[in-house]
Amino acid sequence: MNRKIAAAGGLAVVASLALAACSGGGTSEPAASSGPVTLSLSGWSLSTTPEFQVLADAFHEKNPDVTVELKEYDAAEYNTLLTADLAAGVGPDIITQKEVKFVTTFQEGGQLLDVSDVTLPDGIGGASSYEVDGTAYGVPYRQDRWVLFYNKALFDAAGVDYPDGSWTWEDYDKAATEIAAGGSVKGAYQHRWQSTVQGFANAQEDADILEGDYGYLADFYNRVLALQDDGAQIDFNTSSANQLTYQGEFGKQKAAMMPMGTWYVATLISQQASGEADDFEWGIAPIPQLDSSTTGTDNTPVTFGDPTGLSINANIDEAKVQAAKDFLAFAASAEGAAALAAIGITPAYADDETTEAYFAVEGSPSDDLSKFAWSTAEVHPENPTSNKTATIQGILNDLHTAVLSGSTPVDKAISDAEARVASEVG
């Protein structure tokens, strides 16, 4: 049975900007427009991010009386610029939520519309990220997850078996060390983001960063430091000093493996087609697991990833509300998911049809393990929906930099972070 949720509009907001108070949707039924409706939808980097136009066109084809016009914002300043428009009363009708960690800030500012009758398909990922106190303030349409990219040619050259879905982190470390022993390439590349350590630790330890206890991070950081010390992967300081890109390190075959989000699939396909990346055979596998209880294709691997969602501006013209809710439902539906998958976007909803559409894109891997890794996982949110999340993640990013740069021992950095969360967040 489909699930009804309470949906609402809003977008990420920065703490330095005040939110203007907005009137709520009320309890009466929204008026339906008797004629053509034009909705505005926020987005960014429209020339290189086709998902917004794809959804707009597909929805219009199905609903010819409704036109969805895109309103572009600078990607780097998206949250700030959109917040200013919302406060000035000129924000878009439908808001793409770029970062879920700011959902509660908008919700507390009264700029989210409660649309309780938006329908989501069973099994969609990321819906809980838009819920505050049991009410949802948006719907997910995209749900990237972190997987393991690997270069088959470099594995073959080193005589190391490919990932097969059964790997724990010990297996990953062993393979990285063996490949790097040849001296020509690194076994793995780990990008500088805190996600590349903390995201996996939080998900696989089933931890809640809001609780303020971070001792479980120690083992994850110690194994990463060992990989750096052994030369199996490039160290954090070198990556930072040279501003290395993950696309360049993997795409130019400088590393045989790379944990990364599924968004990189479309990028790698495009870069191989253009010559920006080398031409080599690659695949994706489930991210290595904490232990064998979640490994193998007969189990569900645990990973992480935040969704991207759509909400409705609380100041929307009442006559447009139903059309806006219909658009949210379409974007989250199996039909919307298939349209996104066909352009290499990982939708929040996945079934056999969307999986086949996704891997039909020219240049995609065709093996069963890649399809399994893309479509099957227990995906934990990287950013819990809370007004404390942004501050805590900033503190944890300081922990990450201190440890991997070598400036602070692991245990000391963890205790410092716990003390800061206790005093600065409470």
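Predicted, not measured: the structure shown is a model, and the values here were computed from it.
The shortest non-hydrogen separation linking Thr308 to Gln97 is CG2-O, 3.6 Å. The two atoms that bring Glu276 and Lys252 nearest to each other are O-CE, 3.1 Å, heavy atoms only. Summarising the geometry of Ala413 relative to Leu399, their closest heavy-atom pair is O-CD1, 3.7 Å, with the distance given to 0.1 Å. Taking all atoms of both residues into account, the shortest heavy-atom contact from Pro307 to Pro140 is CB-CB, 4.0 Å.
Asp208 places a side-chain N or O within 3.5 Å of a backbone atom of Leu210 that can act as its donor or acceptor partner. Proximity of a side-chain donor or acceptor of Ser42 to a complementary backbone N or O of Pro92 within less than 3.5 Å is not detected. For Asp306 (side chain) and Asn383 (main-chain N/O), a donor-acceptor pair under 3.5 Å exists by modelled atom type. Panel note: side chain Ser311, backbone Tyr137; a donor-acceptor pair is recorded below 3.5 Å. Looking at Asp74, its side chain does come within 3.5 Å of a backbone N or O of Glu77 through a donor-acceptor pair. Distance alone, capped at 3.5 Å, places no donor-acceptor pair between the Ser270 side chain and the Ala266 backbone.
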Q: Could you walk me through whether Glu335 and Lys62 pass salt bridge (Lys or Arg N to Asp or Glu O under 4.0 Å), step by step?
A: CA-CA 10 Å; Glu335 189 174 352; Lys62 189 174 182 180; 2.9 Å; yes
Q.
Please evaluate residues Ser239 and Tyr189 with respect to the criterion side chain to side chain donor-acceptor pair (under 3.5 Å), reporting the C-alpha separation (whole Å), side-chain torsions for both, the decisive distance (0.1 Å), and the verdict.
A. CA-CA 10 Å; Ser239 177; Tyr189 178 73; 2.9 Å; yes
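Aromatic ring pairs are classed by plane angle as parallel below 30°, tilted from 30° to 60° and perpendicular above 60°; the pair Phe155 and Trp167 is tilted.
Checked against a 6.0 Å centroid threshold, the rings of Trp282 and Tyr162 do not count as neighbours. Aromatic pair Trp146/Phe304: ring centres closer than 6.0 Å. Taking the six-membered ring for Trp and the full ring otherwise, Tyr73 and Tyr78 have centroids separated by under 6.0 Å.
If you check the side chains of Asp291 and Ser293, you find a donor sitting under 3.5 Å from an acceptor.
Between Lys174 and Glu170, no side-chain nitrogen of the basic residue sits less than 4.0 Å from a carboxylate oxygen of the acidic one, so the salt-bridge criterion is not met.
Remark: Phe59 pairs with Phe327, Phe330 by the ring-ring contact (aromatic ring centres under 6.0 Å, His included) rule, at least two apart or across chains.
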